[in-house]
2 protein chains.
Amino acid sequence: MTEAEDRRAQILDAAFEEFSTKGFKGATIKSIAGAAGVQSPALIYHYFPDKEALFNAVLETHAPIRSAVEDPTAFMDRPPEEVLPEIAQAYFATVSNPVAQRMMKLMVGEALRRPALAEVLGRATVARILDSLKKYLSRQVELGRLRPHDVRSSARAFVGMLVPQAAGRIFLPALREDGLTDKEHIETAVGIFLEGLRPER
Amino acid sequence: MTEAEDRRAQILDAAFEEFSTKGFKGATIKSIAGAAGVQSPALIYHYFPDKEALFNAVLETHAPIRSAVEDPTAFMDRPPEEVLPEIAQAYFATVSNPVAQRMMKLMVGEALRRPALAEVLGRATVARILDSLKKYLSRQVELGRLRPHDVRSSARAFVGMLVPQAAGRIFLPALREDGLTDKEHIETAVGIFLEGLRPER
DNA sequence: CAGTATTGACAGAACGTTCAATCAAGAGTA
DNA sequence: TACTCTTGATTGAACGTTCTGTCAATACTG
């Protein structure tokens, strides 16, 4: 009851929480209302036409979680020894952010069942990150800082290398048991990647 | 009605199909009964105590999808230039198998919401694969075929490198648009990995 | 007083689950 | 062989619950 100021936002927050933990089907209008501190589920229909619309509104609200690859021109010409660890670090920072974590759970969980969402997730997020990375890696090949190779593959490899560690943070706690820290992983994995693409003398 | 022989298996198949595409909540007893070619949902309760038990039975039925890392001793001493591409190939073969695809969708989708399942998925599958890989990589370092490094990290990096390509096959078709084939990806990515860990002279 | 926010009550549908009844097939018995 | 008994498989109907969405009445606010 602390802030009855903006009910819409309050409901959106609660819906985000519920959808991300229980999924679209698992979260109910009632449970969302409860989480939002609202007495009656009917109020939700005062702000949103139906459950589906509420779900889409939640997605839109949290859409602008743009990755660290915001301004491609900024790092285009900087050397990979600097840029790649920075990207990796930004990636893990994002993955450690609870809100971003919920967003990922939500998107992945629903995209598995909804092709339309998979399309959005793939194109607007993953493919975009990969494209930025491909451009950067191509540029670095041009500059002679990396040996010539297929950047479609190296871009996938680079982001992929970070995925299992991220998965350990987000939903597979069993992977944390060997105690590898994000910092250590960045150091080793990025090291392998750079060494593997070092131009021949 | 072609095979009224083993109804239990028939129901399990249908339930697997339904659970993997719609999720536990999304799949209904009715829809499962329909998919199994059974007239009445009641029949399902003749074979399984309740929906949850049916779900667990489905998981158990498809549990023994052991990865290609079955017999660790077999490839322990073989050189990484041979073994790693083979593992990657086996990985993509698994990922291309429709049944395995459904299993992955099912496990990942539900593990996001059920910590107990995440524990199983993490420990029994992912962690096990990583452990095998760690042992193999350690052994290769011992043999002087790879330079000394943190194998916890390189194991993650290796399987991770393959993940985005696999995701493109399973549920993010947008990633397929640049046309990179599995074979090409294996060649480039494994190449980077091996070059990145080549022992110094 | 006018308009919006909020509520409890409610309808209709769908859900998981239970139940009594039917059916086909085999065992036992005369 | 004929007849009953028994059992597991299968079904349609029904139960209680829960869900989404509607509605009219009330509370709040300017």
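All chains are named by letter (A, B, ...) in the order of the sequence lines, taking the proteins before the strands, and each is independently numbered beginning at 1.
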Report the nucleotide, chosen from C/dA5, C/dT17, D/dT20, that has the shortest atom-to-atom distance to any side-chain atom of A/Leu43. C/dA5
So what does A/Ala53 hit on the nucleic acid, given a heavy-atom distance under 4.0 Å: a base, only sugar-phosphate, or nothing? nothing
Does B/Tyr45 make a side-chain N or O approach to OP1 or OP2 of D/dT10 shorter than 4.0 Å? no
In whole angstroms, the gap separating P of D/dG8 from CD1 of B/Ile44 amounts to 20 Å
Rounded to whole Å, how long is the line connecting atom CZ of A/Phe48 with atom C1' of D/dT20? 16 Å
Could you state the NZ-C1' distance from B/Lys30 to D/dT10, rounded to the nearest angstrom? 17 Å
Between CD1 of B/Ile32 and P of C/dC15 the distance, given in whole Å, is 11 Å
Do B/Arg113's NZ or CZ and the ring of B/Phe24 fall within the cation-pi criteria of under 6.0 Å and 45°? no
Atom pair distance, as rounded to whole Å: NE2 in A/His46 and C1' in D/dT26: 14 Å
From the list C/dG16, C/dT7, D/dT11, which nucleotide is the closest neighbour of the side chain of A/Val38? C/dT7
Can you identify which nucleotide, out of C/dT17, C/dC15, D/dT10, has its nearest atom closest to the B/Tyr47 side chain? D/dT10
Quick check for you: among D/dG21, C/dG8, C/dT6, whose closest atom lies nearest to any side-chain atom of A/Ser40? C/dG8
Please determine, for the side chain of B/Ala42, which listed nucleotide (C/dT17, C/dC19, D/dT10) has the closest atom? C/dC19
Heavy atoms under 4.0 Å, any strand shown: does B/Ala33 hit a base, just sugar-phosphate, or nothing? nothing
Any Lys/Arg nitrogen of B/Glu142 or B/Arg147 sitting under 4.0 Å from an Asp/Glu carboxylate oxygen of the other? no
Using a 4.5 Å cut-off on heavy atoms from C-beta on, say whether the side chain of B/Phe48 contacts that of B/Arg8. yes
Just how far, in rounded Å, is C1' of C/dA14 from NZ of B/Lys25? 13 Å
Which nucleotide in D/dG21, C/dT17, D/dT20 has an atom nearest any side-chain atom of A/Thr28: D/dT20
Whole angstrom value for the distance that separates P of C/dT18 from CD1 of B/Ile29: 11 Å
Which nucleotide sits closest to the side chain of B/Arg7: D/dT10, D/dT20, C/dT17? D/dT10
Within a reach of under 6.0 Å around NZ of A/Lys25, are more than 12 heavy atoms found that belong to other residues, nucleotides or ligands? no
Ion pair check, A/Asp131 and A/Arg152, cut-off under 4.0 Å: no
Please give, in whole Å, the distance from D/dC19 P to A/Glu52 CD? 18 Å
